[in-house]
Amino acid sequence: FAPRLLRSVGADGPQQARRKAQEFIAQHPGLDAAVVESADGKWVRIVAGRYADRTAANRRRAELNAQPAYQGCFVQAIP
């Protein structure tokens with residue numbers, strides 16, 4: 001499992017959340033990201049980057065959280 005940055009997407013329903021997540025990724029072309037949906041379809045997250053360890057991921061999260069578009073990012077180890 002690699003530490004990755006995640007950002008939840010709030011919206012009225014999964015289709016709108018998916019669209020908002022895809023728009024966010026399109027607006028940030030330098031971000032190595034993908035849209036991940038829960039198995040039950042209740043939430044959508046943007047998953048970005050692969051970091052060597054949690055410290056590196058948290059360092060990048062702190063840098064990004066200084067920008068309004070990235071506030072609320074968090075680190076989680078996922079496959």
Side-chain angles (χ1 to χ4, degrees):
F1 292 93
R4 307 202 47 195
L5 291 178
L6 286 84
R7 182 176 190 271
S8 294
V9 179
D12 295 328
Q15 288 182 322
Q16 183 185 22
R18 189 179 317 108
R19 182 183 52 77
K20 286 175 68 174
Q22 290 168 340
E23 288 173 0
F24 182 88
I25 291 170
Q27 293 169 357
H28 300 88
L31 189 64
D32 175 24
V35 176
V36 176
E37 299 178 44
S38 66
D40 61 9
K42 292 184 178 180
W43 54 259
V44 174
R45 289 186 176 152
I46 298 168
V47 178
R50 286 190 179 271
Y51 299 90
D53 55 34
R54 194 169 197 79
T55 301
N58 277 317
R59 189 176 318 122
R60 182 65 175 146
R61 181 199 52 79
E63 293 168 1
L64 290 174
N65 273 344
Q67 302 172 40
Y70 293 98
Q71 288 180 351
C73 290
F74 58 97
V75 173
Q76 184 174 343
I78 59 174

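Here, residue 1 is the first one in the sequence, and each next residue gets the next number.
- With Ser8 contributing its side chain and Arg45 its backbone, the two residues share no donor-acceptor pair below 3.5 Å.
- Annotation: the span from Cys73 atom SG to Gln67 atom CD amounts to 9.5 Å, rounded to 0.5 Å.
- With salt bridges taken as basic N to acidic carboxylate O contacts below 4.0 Å, none links Glu23 and Lys20.
- In this structure, CZ on Arg59 lies 13.0 Å from CG on Leu64, to the nearest 0.5 angstrom.
- The line from CD of Gln22 to CZ of Arg19 is 9.5 Å long, rounded to the nearest 0.5 Å.
- For the side-chain contact (heavy atoms from CB on, under 4.5 Å) with Val75, the lone residue among Leu6, Thr55, Leu5 that qualifies is Leu5.
- Tyr70 pairs by the ring pair (Phe, Tyr, Trp, His ring centres under 6.0 Å) definition with Phe24, His28, not counting sequence neighbours.
- Annotation: side chain of Val44 is not in contact with side chain of Val36 (no heavy-atom distance under 4.5 Å).
- Other residues, nucleotides and ligands place more than 12 heavy atoms under 6.0 Å from the CD atom of Gln76.
- Note on Ile46: it does not cluster hydrophobically with Trp43, by side-chain heavy-atom contacts below 4.5 Å among ILVMFWY residues.
- Nearest heavy atoms, Ile25 versus Ala34: CD1-C, 3.9 Å.
- Residues passing the salt bridge (charged side-chain N to carboxylate O under 4.0 Å, His left out) test with Arg18 are Glu37, sequence neighbours excluded.
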